[in-house]
There are 2 protein chains.
Amino acid sequence: MEIEKYQSGQDFIGFVNNLGALEEDVAAMLSRQLETLYCKKGEAILVQGATCRYLYYINSGLVKTGFESSDRTFIMRFFAEGEMFTVLDSYLSQKPSTYEVVALEDTVITRILRTEMDKLCTRFHAMETFFRKLVSMASVNMMSRIGEILEEQASARYENFLKENPELLQRISLGDLASYLGITQVSLSRIRAGL
Amino acid sequence: MEIEKYQSGQDFIGFVNNLGALEEDVAAMLSRQLETLYCKKGEAILVQGATCRYLYYINSGLVKTGFESSDRTFIMRFFAEGEMFTVLDSYLSQKPSTYEVVALEDTVITRILRTEMDKLCTRFHAMETFFRKLVSMASVNMMSRIGEILEEQASARYENFLKENPELLQRISLGDLASYLGITQVSLSRIRAGL
DNA sequence: ATAGTTTTTTATCTTTTGATAAATTTTCGA
DNA sequence: TCGAAAATTTATCAAAAGATAAAAAACTAT
């Protein structure tokens with residue numbers, strides 16, 4: 001995992017601007033705090049037990065966020081290029097994370113330290129607004145995920161995933177998809193066979 | 001459902017101050033926008049298909065937020081006195097809600113219009129910070145709920161609920177608890193019987 | 001290309017949960 | 001207090017998903 005400081009982070013900035021335009025000087029200050037990460041496929045970006053100190057933006061590649069339970073593992077969400085993510089509870093509490101983040105492909109990431117993000121949010125209302133919108137979007141996604149898990153059987157959740165994320169299906173293993181759906185890999189295989 | 005305008009809304013203000021102190025004049029402006037709602041047990045505070053225009057604070061009582069599916073119903077969360085809530089997706093998008101909110105007891109609520117909240121957030125950085133923290137807390141709760149539903153069987157989720165919310169158990173029906181756990185009332189009865 | 005590893009499928013059997021119906025208990029209003 | 005309605009439990013059978021093992025297919029590195 002290579003780290004490069006002082007990258008322009010244009011994609012990251014663009015993402016922020018998309019949720020609400022920043023003034024030039026704020027964008028410049030933000031840009032100065034970004035660094036770029038080059039992760040190999042399979043590499044852990046955050047391990048369970050570590051504290052998540054960054055907000056991340058994916059320039060290219062794909063990651064999974066999840067956790068290991070007794071023996072199985074579960075995936076909370078996949079994030080692909082153009083998406084921003086963090087491990088929210090650990091990021092906010094600055095306590096060790098029960099979740100891990102692993103690259104599923106060679107992945108290029110731009111990140112900013114939470115401490116720097118906090119400074120910017122305190123100083124610039126627009127940054128706080130951006131972060132509020134970001135967390136709001138995450139919440140809405142999680143709401144619908146909860147609703148779906150409660151309501152639908154695994155087979156329907158699989159069908160929905162196909163419909164909503166056809167492009168992702170080519171890029172993730174069926175094992176990981178099963179972990180996301182909350183079933184075993186064997187069960188998913190059975191569902192796919194249409195039994 | 002009776003509505004009373006120009007209440008002081010001290011509890012609501014107190015909740016906000018708890019997440020980050022407001023200046024006197026901001027608190028006063030906020031206070032002016034609050035109104036109080038008196039709901040009877042069983043009354044709908046928001047029906048499916050209506051748009052959620054308010055952020056709510058519960059002074060006393062208990063509500064459930066959930067949705068009706070094909071035939072069963074599901075509960076996203078219970079909110080009791082001292083908690084703030086809204087139907088986030090509808091509140092943010094101002095589109096019809098797929099979720100409903102129903103009072104489980106006679107409930108007194110203080111609410112503020114989203115349009116007024118937005119004005120305050122735009123005008124006062126501290127209000128935006130408050131709302132960001134509120135949504136952040138909701139997100140963290142939802143994360144752990146997703147993790148738990150994925151990981152645990154219904155029986156373990158029931159045990160956890162007992163441990164985490166012993167006081168609520170006395171106040172909600174087992175049918176509603178089953179809807180929250182994502183199982184049928186009959187299944188919950190079986191789990192309680194310890195089979 | 002091929003041997004070895006990993007991923008996916010198939011098969012069998014068990015456990016959990018759902019559907020349905022009926023019995024029992026509780027709640028609540030007249 | 002009584003009786004109807006609602007909530008909860010119990011029982012039976014069916015469907016969905018887990019555990020395990022083994023076979024087949026797909027990837028990978030030499």
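In what follows, every chain begins at residue 1, and chains take the letters A, B, ... in the order their sequences are listed.
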(message) Tell me if the CZ atom of A:Arg123 is crowded by more than 12 foreign heavy atoms within 6.0 Å.
(response)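 Atom CZ in A:Arg123 is not crowded, with 12 or fewer foreign heavy atoms closer than 6.0 Å.
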(message) Is it true that, when you exclude B:Glu24 itself, more than 12 heavy atoms of the residues, nucleotides or ligands shown sit nearer than 6.0 Å to its CD?
(response)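 No.
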Starting from [atom2] on [N], measure out to [atom1] on [X] and report it in whole angstrom.
{"X": "A:Glu152", "N": "C:dT17", "atom1": "CD", "atom2": "P", "answer": "18 Å"}
{"X": "B:Gln153", "N": "D:dG18", "atom1": "CD", "atom2": "P", "answer": "9 Å"}
{"X": "B:Gln185", "N": "C:dA21", "atom1": "CD", "atom2": "P", "answer": "16 Å"}
{"X": "B:Arg72", "N": "C:dG18", "atom1": "CZ", "atom2": "P", "answer": "5 Å"}
{"X": "A:Leu150", "N": "C:dG18", "atom1": "CG", "atom2": "P", "answer": "11 Å"}
{"X": "B:Arg192", "N": "D:dA7", "atom1": "CZ", "atom2": "C1'", "answer": "11 Å"}
{"X": "B:Leu174", "N": "D:dT10", "atom1": "CG", "atom2": "C1'", "answer": "15 Å"}
{"X": "A:Ile149", "N": "D:dA16", "atom1": "CD1", "atom2": "P", "answer": "19 Å"}

(message) So, does A:Ser189 get its side chain near the phosphate of C:dT9, meaning an N or O under 4.0 Å from OP1 or OP2?
(response) yes
(request) Examine the base of C:dG18 for any acceptor or donor lying under 3.5 Å from a partner atom in the side chain of B:Arg190, and report the outcome as yes or no. (result) yes
(message) Would you compute the distance between atom NZ of A:Lys163 and atom CG of A:Leu169 and round it to the nearest 0.5 angstrom?
(response)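 Here the interatomic distance stands at 14.0 Å.
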(message) I'd like to know if the side chain of A:Ser139 reaches the main chain of A:Val135, judged simply by a donor and an acceptor atom lying under 3.5 Å from each other, with no hydrogens or angles considered.
(response)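 Yes.
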(request) Report the stems of DNA chain C as range-with-range entries sorted by first number; a stem here is at least three consecutive pairs, Watson-Crick or G-U wobble, both distances under 3.5 Å, and write none if there are none. (result)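 Correct response: C:1-30 with D:1-30.
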(message) Check the orientation of B:Tyr180 and B:Phe78. Use parallel for under 30°, tilted for 30 to 60°, and perpendicular for over 60°.
(response) tilted
(request) Verify whether one side chain among B:Thr51 and B:Ser90 offers a donor that lies under 3.5 Å from an acceptor in the other. (result)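 Their side chains do not contain a donor-acceptor pair, so the 3.5 Å distance test is not met.
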(request) Using distance alone, with no hydrogens and no angle criterion, decide if A:Arg192 and A:Ser189 have a side-chain donor and acceptor under 3.5 Å apart. (result) no
(message) Expected output is a numbered-order residue list: members of residues 156-172 of chain B with a heavy atom under 4.0 Å from any atom of DNA chain D. What is it?
(response) none
(message) Which residues pass the side chain to side chain donor-acceptor pair (under 3.5 Å) test with A:Glu151, not counting sequence neighbours?
(response)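 Expected list: B:Ser69.
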(message) Run the side chain to side chain contact (heavy atoms under 4.5 Å, CB included) test against A:Val140 and tell me which residues pass, sequence neighbours left out.
(response)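 B:Leu88, B:Asp89, B:Leu92.
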(request) Summarise protein proximity over nucleotides 25-30 of chain D in one line of letters, 5' to 3': B for base, S for sugar-phosphate only, - for none, counting protein heavy atoms closer than 4.0 Å. (result) ------
(message) Near DNA chain C, counting only heavy atoms under 4.0 Å, which residues of residues 176-184 of chain B show up?
(response)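 Result for residues 176-184 of chain B: B:Gly182, B:Ile183, B:Thr184, sorted by number.
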